[in-house]
Amino acid sequence: MSIQVRIGHGFDVHAFGDGDHLMLGGVRVPHARGVLAHSDGDVALHALCDAMLGALALGDIGKHFPPSDERWKGADSRAFVRHCDALLRERGWRVGNCDITVVCERPKVGPRVQAMREAIAAELDIAIDAVSVKATTTETLGFTGRGEGIAAHAVCLLVRA
Ligand SMILES: Nc1ccn([C@@H]2O[C@H](COP(=O)(O)O)[C@@H](O)[C@H]2O)c(=O)n1
Ligand SMILES: C[C@@]1(CO)OP(=O)(O)OP(=O)(O)OC[C@H]1O
């Protein structure tokens, strides 16, 4: 009998830099800082991509979208998610559910969670109740606690498409 589920994990970090907004979970979030990144720096979607790729041992986001490639400069990270989803689907899989945790002191993520879930569910063409987005601070500890950057963890379960 063939395996019917696969699991993947992803983790990403971006340092804060100049700017007036973040892209987070495919949603524009006004903020006093931006992030330093080659693409739009959407840490939540980058972690999700790594979880999707990891579930099928397809490498990581940097392998598929090298930072040395000018095509990805300022890229909308939703395109990375779509590409990863296409890779899964052409192999007979889709995301069954995913769970993302954003780690930062600011901005407050809670008010934008629903919009992020909707954006991600739309990209993956799955039900919104299969997409979880959560947030936590690190109680002022570490680089996130000092407000130097933002991190995200993601896990996803793949099921047969
Ligand atoms: N950037 C963040 C961080 C946290 N939240 C919400 O606040 C709750 C409490 O956070 P703790 O780190 O003290 O556990 C958390 O459960 C989140 O709902 C947030 O919205 N944005
Ligand atoms: C997304 C890519 C695209 O070039 O660059 P960044 O936006 O810097 O993001 P990172 O999380 O470091 O992943 C590496 C790259 O694939």
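In listed order, ligands and their atoms are each counted from 1. This one's a predicted model, so the numbers in the text were calculated from it and none came from an experiment.
- Of the heavy atoms in Pro111, none comes closer than 4.0 Å to ligand 1.
- Using a 4.5 Å cut-off between side-chain heavy atoms of Ile, Leu, Val, Met, Phe, Trp and Tyr, with links allowed through other members, Trp72 and Leu53 fall into different hydrophobic clusters.
- Remark: among candidates Thr101, Thr140, Thr137, the nearest residue to atom 11 (P) of ligand 1 is Thr137, based on non-hydrogen atoms.
- With a heavy-atom cut-off of 4.0 Å, Pro66 touches ligand 2 through its backbone alone.
- Shown in contact with Gly110 at under 4.0 Å from a heavy atom are these atoms of ligand 1, numbered in order with element: 19 (C), 20 (O).
- Here the heavy atom of the protein found nearest to atom 7 (O) of ligand 1 is Lys108 NZ, 3.7 Å.
- Ranking protein heavy atoms by distance to atom 13 (O) of ligand 1, first place goes to Glu139 OE2, 3.3 Å.
- Close approach of ligand 2 to Ser39 (heavy-atom distance below 4.0 Å) involves ligand atoms 1 (C), 6 (P), 7 (O).
- In terms of protein heavy atoms, atom 21 (N) of ligand 1 is closest to Val109 N, 2.9 Å.
- Residues in residues 54-69 take part in these side-chain hydrogen bond (donor to acceptor under 3.5 Å, both in side chains) pairs, two or more places apart or across chains: Asp69-Arg71.
- Near Asp12, the atoms of ligand 2 lying under 4.0 angstrom from a non-hydrogen atom of the residue are 11 (O).
- Considering only non-hydrogen protein atoms, atom 16 (O) of ligand 1 sits nearest to Ala135 O, 3.8 Å.
- Within ligand 1, counting atoms from 1 as listed, the ones closer than 4.0 Å to a heavy atom of Cys104 are 1 (N), 2 (C), 3 (C).
- By the criterion of a heavy-atom distance under 4.0 Å, neither the backbone nor the side chain of His64 is placed next to ligand 2.
- Distances between N or O atoms of Phe80 and those of ligand 2 include no value under 3.5 Å.
- Transitive grouping of hydrophobic side chains (ILVMFWY, heavy atoms separated by less than 4.5 Å) brings Leu48 and Val29 into a common cluster.
- Nearest protein neighbour of atom 14 (O) of ligand 1, counting heavy atoms only, is Thr136 OG1, 3.8 Å.
- Heavy atoms of His46 found under 4.0 angstrom from ligand 2 belong exclusively to the side chain.
- Of the polar atoms of Ala37, none of the N or O atoms is found under 3.5 Å from an N or O of ligand 2, judged by distance alone.
- If you look at Lys134 next to ligand 1, there are no close heavy atoms at all, none under 4.0 Å.
- For ligand 2, none of its N or O atoms has an N or O atom of Asp40 under 3.5 Å away.
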